[in-house]
Amino acid sequence: MVDEHTDPVATGRRRRVLITGAGGQLGRALATAFADDDVVALTREEWDVAEPYRGEPVDLVLHAAAWTDVDGAESDPQGAAAVNVGGTANTAAVGASLVAFSTDYVFDGTKGAPYVESDGPSPLSAYGRTKLHGEAAAGPGAWVVRSSWLFGPTGHNFVRTMLRLGEERDEVSVVDDQRGSPTYVGHLATATRELVDRDLPRGVWHLAADGDCTWADFAEAIFEEAGLECRVRRITTEELGRPAPRPREAILRSEREGAPELPHWREGLRECLSVLDR
Ligand SMILES: NC(=O)c1ccc[n+]([C@@H]2O[C@H](COP(=O)([O-])OP(=O)(O)OC[C@H]3O[C@@H](n4cnc5c(N)ncnc54)[C@H](OP(=O)(O)O)[C@@H]3O)[C@@H](O)[C@H]2O)c1
């Protein structure tokens, strides 16, 4: 007998995909990448993931909801844990296949080389710790996708902030001693779809843009690509003085066979600017 819930292909029914945090930048990109499926995209107002799920059964959960305020998590680690750990446990309890998103901030950035999946995590911040515990809460049957420095055409992100500042000012001060791989949410969403559709083995996957740079390099590239005349003054993390410590160099690479590959961050930037309404 075919189980309609677990075997949508055999019945010809479209896969039902639940997206959490659907109002966020990754949530929106996932809704586009999975548009061929029967998508149930729930914003925070529609499902606060800190509460148990009470909706219809689904085949796949793409868990993009998270407490992403890295500095705010330092002063309210329990609030961050309620969403990033408790919320992830609630998505695992839905009982469907699960993709849970995590972060380069589970690493301390001292390795001196790119991080692969088998490297031991050692988060520096409350946010990083909650995300690491969230990975465990997702369970062994989940795909745990770690990515880094997300940006897209909507929401709060570095690209949008720089575009605003670049219009207003002649110069901006940007940190030049943190290195990572800025990842376009559209590319991450496509790679996530590949992971699921190819039914690659469950567990941790590093999916981040090709290439790496500092925040200051990224700001200069944004101004260049957007045609804005704004200088970048390169400063240190210490000069910026944020509450949460960040890894100095957290570049994610995959050591796993058949890992989906993402385009270079600069290509992501160009694509983002082409769809951004400015
Ligand atoms: N942003 C990055 O640079 C980055 C880097 C690496 C990994 N990640 C991970 O990637 C995933 C997506 O991040 P993102 O950049 O798309 O973040 P985002 O734009 O901040 O979106 C997160 C969404 O989650 C929602 N949310 C917060 N608390 C919730 C709750 N209790 N219940 C339901 N929804 C809730 C937020 O709603 P409100 O806006 O109303 O709070 C927001 O719409 C997260 O797991 C994040 O940790 C992000």
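The first residue in the sequence is number 1, and the count goes up from there. These figures come from a predicted structure and were not determined experimentally. When a ligand or atom number is given, it counts from 1 through the structure's own listing order. Side-chain atoms are counted along with the backbone in the values below, which use heavy atoms only and exclude waters and symmetry mates.
Among Glu261, Glu117, His206, Arg146, the one residue that satisfies the side chain to side chain donor-acceptor pair (under 3.5 Å) test with Ser254 is Glu117.
Residue pairs meeting the ring-ring contact (aromatic ring centres under 6.0 Å, His included) criterion with at least one member in residues 244-275, sequence neighbours excluded, are Phe218-Trp265.
Take Phe34 and apply the ring pair (Phe, Tyr, Trp, His ring centres under 6.0 Å) test, not counting sequence neighbours, and it matches no residue. Asp170 is linked by a side-chain contact (heavy atoms from CB on, under 4.5 Å) to Arg231, counting only residues two or more places apart in sequence or in another chain.
Side-chain contact check for Arg253 versus Ser181: some heavy-atom pair is nearer than 4.5 Å.
Without hydrogens or angle criteria, Glu51 side chain to Asp48 main chain gives no donor-acceptor distance under 3.5 Å.
Listed by chain and residue number, the protein contacts of ligand 1 are Gly21, Gly23, Gly24, Gln25, Leu26, Arg44, Trp47, Asp48, Val49, Ala64, Ala65, Ala66, Thr68, Val83, Phe101, Ser102, Thr103, Tyr127, Lys131, Ser147, Ser148, Trp149, Leu150 (heavy atom within 4.0 angstrom).
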